[in-house]
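Here's the structure we're looking at; comments come further down.
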Amino acid sequence: MDLTSLQQHCRGDMAQPGDPDYLTMVTGNLWNQLLPERCPDLVVRVKDEQDVIAVLRYAREQGLKVVVRGGGHHWCQPTLRRGGILIDLASLNQVLHIDAAACTAIVQPVVSNRDLLAALQPHGLAFPSGHCPQVKISGYLLGGGMAWNQGVWGAGTESVEAMEIITAAGEKVLASREQHADLFWAARGAGPGFFGVVIAFHLKLYPLPASILGSTYCFPLSQAGAVGDWISELAPTLRPSVELTLFLLQAPPPLQAAASADGGVVLMVSAVAFADSDDDGKHQLAPLDQPVVPPLSREVATSLSFPTLFELSGSLWPEGHRSRVENRYSTASAGDQIRAAAGFMAAAPSPTTLVFFTVFTGQVVGHDPNNTSYSMNGQVYGGPSTMWLNPADDAANIEWHEACTAALRAYTRGSYIGETDFVRRPASAVEAYLPRCWSRLADLRTVHDPGRLFFDLFEALGPG
Ligand SMILES: Cc1cc2nc3c(=O)[nH]c(=O)nc-3n(C[C@H](O)[C@H](O)[C@H](O)COP(=O)(O)OP(=O)(O)OC[C@H]3O[C@@H](n4cnc5c(N)ncnc54)[C@H](O)[C@@H]3O)c2cc1C
């Protein structure tokens with residue numbers, strides 16, 4: 001198949017370097033505005049599975065490699081390679097079917113967290129989506145999926161029952177525990193290292209929690225380590241339905257004067273309880289209301305919903321920024337990690353930058369490596385989200401990010417393929433898996449993509 005014949009077969013739009021739409025098609029839907037110089041030889045915004053099959057055939061026959069883009073939200077931009085074909089799934093953006101009685105749904109990949117939950121809400125149903133409204137489920141579910149209410153519902157990918165996948169050979173398969181089980185295992189965790197194109201996810205749904213309540217406390221930076229120690233001790237005694245996150249960030253306006261000696265930074269403790277009733281939620285949050293040191297502010301058991309949770313997360317990770325992000329798992333106390341990061345935060349070049357630590361509640365149970373390739377875990381998850389607007393500030397922010405990331409590395413047990421920068425530090429991709437899962441993924445790539453049609457995690461990234 002040559003390019004003319006691909007153009008005849010394909011319903012979607014395509015562009016090559018020099019074409020008027022090329023740059024917009026390649027970079028227009030990327031979240032991180034810190035753009036690398038890598039770019040593809042051809043970008044195709046496919047309309048349907050036949051388009052995907054046609055592009056894969058063209059790539060095979062022309063000896064070109066392929067990378068797939070879901071929503072373009074991965075922080076380190078693995079959908080940009082030097083050369084090859086970029087298959088952009090942006091037009092596959094529909095919730096196809098909801099079976100409320102069976103608590104299942106079939107969803108195309110480029111549906112956002114907010115749109116998915118909005119479609120389920122009228123049915124009284126929910127799904128363990130990611131935290132920010134605009135992020136798409138595509139790469140989120142392939143990477144593992146750090147979810148709302150993860151302590152009860154599990155990671156997002158653990159609630160995927162099947163995936164419709166176009167393989168490197170151009171065949172459509174339905175992968176599940178029963179059929180193509182090894183491909184299904186790989187797709188639940190491989191993330192940017194997956195070797196196929198997922199065109200639909202079959203999801204398991206859950207009843208919408210009757211009550212969602214949130215408590216928020218802000219503490220002075222000087223007390224942040226002590227608060228972190230207290231939270232780390234408290235977390236195992238809390239119900240897993242309490243989601244607990246500590247943020248080092250710029251103080252909200254009423255606290256800015258109080259925080260001025262600390263570069264305007266405070267420690268914010270945010271707890272969200274997913275509960276059967278308001279009373280149940282208040283009971284779950286009550287232990288947090290006896291903090292080890294007096295807070296600068298407290299809001300206790302405020303009524304929330306998924307739309308308000310998305311709004312809150314969206315305000316912490318705003319659109320349109322240049323960014324570097326490195327989140328990791330740790331078994332160390334949140335207090336120790338906060339002490340390591342607190343000095344950096346007081347000197348962060350950008351006011352939007354934050355460092356967060358999610359401290360898992362209840363007994364932390366590892367993901368079953370026989371079930372999903374997503375296999376890393378720890379009591380604490382997080383790290384710096386370095387975000388800024390002005391290109392003139394790139395060097396200062398990148399230097400700050402690297403120093404903060406290096407300081408936290410001593411407390412790192414492993415990483416998460418969805419939020420680690422394996423472009424700049426390839427070892428972090430290896431650290432996202434148990435060793436046997438990492439080598440099984442490599443073996444399965446050889447079985448399912450023997451001609452190496454799909455770029456692997458590290459190919460054609462280079463500096464940039
Ligand atoms: C603001 C923000 C908030 C975030 N919050 C969370 C969070 O709460 N929890 C969490 O777990 N993660 C979170 N993330 C990380 C995010 O889930 C991952 O970066 C994920 O990859 C985004 O999905 P995407 O489809 O946009 O990925 P893309 O950048 O489009 O793709 C990344 C890689 O995934 C592969 N890929 C994606 N879709 C497909 C497909 N359909 N078929 C085959 N391969 C595919 C490709 O190899 C591609 O290179 C957040 C990211 C951002 C920017």
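Order of appearance sets the numbers: ligands from 1, and atoms from 1 within every ligand.
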Within the 4.0 Å heavy-atom shell around [X], which atoms of ligand 1 are there?
X	answer
Gly418	15 (C), 18 (C), 19 (O)
Lys136	23 (O)
Arg69	30 (O)

Distance-only side-chain donor-acceptor flag, [X] / [Y], under 3.5 Å:
X	Y	value
Glu299	Ser215	no
Asp99	Thr104	no
Thr446	Arg452	yes
Thr386	His401	yes

Can you find an N/O atom of [X] closer than 3.5 Å to an N/O atom of ligand 1?
X	value
Leu89	no
Glu419	yes
Met146	yes
Gly72	yes
Gly193	no
Tyr416	yes

Heavy-atom contacts under 4.0 Å between [X] and ligand 1: side chain, backbone, both, or neither?
X	result
Leu142	side chain
Tyr140	both
Val68	both

(request) Could you check Arg413, Arg328, Arg425, Arg409 and say which one makes a salt bridge (Lys or Arg N to Asp or Glu O under 4.0 Å) with Glu431? (result) Arg425
(request) Identify which of Val66, Ile417, Leu316, Val198 has a heavy atom lying nearest to atom 42 (N) of ligand 1. (result) Val198
(request) Look at ligand 1 and say whether Gly196 reaches it with a heavy atom at a distance under 4.0 Å. (result) yes
(message) Is it true that, when you exclude His9 itself, more than 12 heavy atoms of the residues, nucleotides or ligands shown sit nearer than 6.0 Å to its NE2?
(response) no
(message) Is the distance from the ring center of His74 to that of Phe422 below 6.0 Å?
(response) yes
